[in-house]
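Note that the numbering runs from 1 along the sequence shown for the chain.
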Amino acid sequence: MGKCNGRCTLVGFCCLQLIAALERQIFDFLGYQWVPILANFLHIMAVILGIFGTIQYRSKYLIMYAAWLVLWVGWNAFIICFYLEVGHLSQDRDFIMTFNTSLHRSWWMENGPGCLVTPVMNSNLAPEDHHVITVTGCLLDYQYIEVVSSAMQIFLALFGFVYACYVSKVFMEEEDSFDFIGGFDSYGYQAPQKTSHLQLQPLYT
C-alpha cells in the first residue's frame with residue numbers, strides 16, 4: 001500500500017511540475033528568454049522520464065530524474081539571485097537570459113498585473129530596432145513574479161526529489177528480493193509431482 005501511495009504521489013508531483021514548466025515555457029517564449037527556454041525544455045524531458053520510470057518500475061530513470069532535479073533547483077536559485085540582483089548580478093548590465101544576443105526582458109515587465117506602458121517618443125537612448133518605454137502602476141513588479149515562479153519550481157522539485165528517492169529505493173528492494181535465476185524457487189514454489197497412487201492400467205481392445 002505504501003508503494004502505491006508513493007508512486008501515485010510522485011506521478012502527481014510530476015504532473016504539477018509538467019504543468020508549471022509548460023506555463024513557464026510559454027511566457028519565456030513570449031519574452032524571448034532563450035536560456036530559460038532551453039532549461040525548461042530539458043526539465044520537461046526529465047519530468048516525462050520521471051513519469052515513465054514511475055509507471056514502468058524503472059529505478060534508473062527515477063535516479064536520473066532525481067539527479068536532474070538537483071540541477072533544476074540550482075538553476076532556479078540562480079534565477080532568483082539574478083532578478084533580485086544579488087552580488088554582482090545586474091539586469092541592466094547582464095543579458096544572460098538571452099545569450100547576450102538581444103535586450104529583451106521578461107514578458108512580465110510590460111504585461112504584469114496593472115502595468116501601464118508608455119512609449120517614449122524620439123528618445124536618443126534607444127538602440128537600433130528598439131524603443132524606450134516607461135512602465136508604471138504595476139501591482140507587482142516583474143522581478144517578484146519571476147522570483148515567485150522560480151520559488152514554486154524549487155518547492156515542487158524538492159518534493160519530487162524526496163519521493164523519487166523513496167520510490168526508486170522501493171523498486172530496487174523489490175528487484176533484489178526476486179531471484180531472477182531461480183525464478184519462483186526463492187519463494188518456495190515447487191512444480192506439482194506425480195502422485196504414486198496413479199498407475200497405468202493395461203488397455204484391452
Engineer: Give, for atom OH of Y163 and atom OG1 of T54, the distance between the pair rounded to the nearest 0.5 Å.
Structural biologist: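 If we round to the nearest 0.5 Å, Y163:OH and T54:OG1 are 12.5 Å apart.
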Engineer: Indicate yes or no for a side-chain donor-acceptor contact from Q143 to the backbone of D141 under 3.5 Å, with no hydrogens or angles considered.
Structural biologist: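 Absent.
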Engineer: For a quick test of reading the model, state the closest non-hydrogen atom pair linking A20 to L156 and the distance between them.
Structural biologist: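 In terms of heavy atoms, the two residues are closest at CB-CD1, 4.1 Å.
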Engineer: Give the cluster check for L18 versus I55: same hydrophobic cluster or not, with ILVMFWY residues linked at side-chain heavy-atom distances below 4.5 Å.
Structural biologist: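 Shared cluster, yes.
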Engineer: Assert yes or no for the condition that the ring centre distance of F78 to W75 is strictly below 6.0 Å.
Structural biologist: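 Yes, close enough.
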Engineer: What is the distance from atom CH2 of W72 to atom CG of N40, rounded to the nearest 0.5 Å?
Structural biologist: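 Those atoms lie 4.5 Å apart.
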Engineer: According to side-chain hydrogen bond (donor to acceptor under 3.5 Å, both in side chains), who are the partners of R58, at least two apart in sequence or on a separate chain?
Structural biologist: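 For R58 there are no side-chain hydrogen bond (donor to acceptor under 3.5 Å, both in side chains) partners, ignoring immediate neighbours.
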Engineer: Could you walk me through whether Y32 and I37 pass side chain to side chain contact (heavy atoms under 4.5 Å, CB included), step by step?
Structural biologist: CA-CA 8 Å; Y32 302 100; I37 287 171; over 6 Å; no
Engineer: To the closest 0.5 Å, what do you measure between CG (D28) and CD (E23)?
Structural biologist: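 Here the rounded value is 9.0 Å.
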Engineer: Rounded to the nearest 0.5 Å, what's the gap from OG on S106 to CD on Q33? Could you check?
Structural biologist: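 S106 atom OG to Q33 atom CD measures 6.0 Å (nearest 0.5 Å).
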Engineer: Excluding sequence neighbours, so at least two apart, what forms salt bridge (Lys or Arg N to Asp or Glu O under 4.0 Å) with K60?
Structural biologist: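 Here no residue qualifies.
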Engineer: List the atom of M172, the atom of S59, and the distance in Å for their closest heavy-atom pair.
Structural biologist: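 Taking M172 first and S59 second, the nearest heavy atoms are CG-OG, 3.6 Å.
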Engineer: Name the orientation class of the two ring planes belonging to F171 and Y57 (parallel below 30°, tilted from 30 to 60°, perpendicular beyond 60°).
Structural biologist: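 Plane angle between 30° and 60°, so tilted.
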Engineer: Heavy atoms, side chains only, cut-off 4.5 Å: are L10 and L62 in contact?
Structural biologist: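 They are in contact (side-chain heavy atoms under 4.5 Å apart), so the answer is yes.
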Engineer: Out of curiosity, does V73 fall in the hydrophobic cluster containing L84 (side-chain heavy atoms, cut-off under 4.5 Å, transitive links)?
Structural biologist: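 Yes: a chain of side-chain contacts under 4.5 Å links L84 to V73.
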Engineer: What pair of heavy atoms forms the shortest contact from A46 to W68, and how long is it?
Structural biologist: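 That closest heavy-atom pairing would be CB-CD1, 3.2 Å.
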Engineer: Hydrophobic clustering (ILVMFWY, side-chain heavy atoms < 4.5 Å, transitive) - are I154 and L42 grouped together?
Structural biologist: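 Yes, it is one cluster - the side chains of L42 and I154 are joined through contacts under 4.5 Å.
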Engineer: Quick check: are there more than 12 heavy atoms from other residues, nucleotides or ligands sitting under 6.0 Å from CZ of F161?
Structural biologist: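 No, because the 6.0 Å sphere around CZ of F161 holds 12 heavy atoms or fewer from other groups.
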Engineer: Any sub-3.5 Å donor-acceptor pair from S150's side-chain atoms to E146's backbone N or O?
Structural biologist: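 The answer is yes, because a donor-acceptor pair under 3.5 Å joins these two groups.
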Engineer: Specify the closest pair of heavy atoms between Q153 and N76, including all atoms of both residues, with the distance to one decimal.
Structural biologist: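 Scanning both residues, the minimum pair turns out to be CB-OD1, 3.5 Å.
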Engineer: Using 30° and 60° as the class limits, which term best fits the ring planes of F159 and F13: parallel, tilted or perpendicular?
Structural biologist: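 Judged by the thresholds at 30° and 60°, the geometry between F159 and F13 is parallel.
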Engineer: Could you report the tightest heavy-atom contact between V135 and C138, atom names first, then the distance?
Structural biologist: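 Shortest heavy-atom contact: CG1-SG, 3.5 Å.
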Engineer: If you measure from CD1 on I79 to CG on L89, what distance do you get to the nearest 0.5 Å?
Structural biologist: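 Nearest 0.5 Å value for the CD1-CG distance: 12.0 Å.
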Engineer: Decide yes or no on side chain to side chain contact (heavy atoms under 4.5 Å, CB included) for L69 and Q17, but give the supporting numbers first.
Structural biologist: CA-CA 11 Å; L69 290 182; Q17 283 183 312; 3.5 Å; yes
Engineer: Please say which of M97, Q25, R24 ends up in a side chain to side chain contact (heavy atoms under 4.5 Å, CB included) with P36.
Structural biologist: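 Of all the options given, the one that passes is M97.
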Engineer: Quick check: closest heavy atoms across A21 and I44, and the distance to 0.1 Å?
Structural biologist: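 That would be CB-CG1, 3.8 Å.
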Engineer: In the hydrophobic clustering that connects Ile, Leu, Val, Met, Phe, Trp and Tyr at side-chain heavy-atom distances below 4.5 Å, which members other than Y61 occupy its cluster, ordered by chain and number?
Structural biologist: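 L49, F52, M64, listed by chain and number.
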Engineer: Set out, in order, the CA-CA distance, both residues' side-chain angles and the distance that settles side chain to side chain contact (heavy atoms under 4.5 Å, CB included) for W108 and S149, then state yes or no.
Structural biologist: CA-CA 11 Å; W108 294 107; S149 176; over 6 Å; no
Engineer: Taking atom OH of Y65 and atom NE2 of H43, what is their separation to the nearest 0.5 Å?
Structural biologist: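 Interatomic distance, Y65 OH to H43 NE2, rounded to 0.5 Å: 7.0 Å.
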Engineer: Test of understanding: clusters of I, L, V, M, F, W, Y form through side-chain heavy atoms closer than 4.5 Å, transitively. Do Y166 and V70 belong to the same one?
Structural biologist: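 Yes.
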Engineer: Are Y142 and I80 linked, directly or through other ILVMFWY residues, by side chains that come within less than 4.5 angstrom of each other?
Structural biologist: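 Same cluster: Y142 reaches I80 through Ile, Leu, Val, Met, Phe, Trp or Tyr contacts under 4.5 Å.
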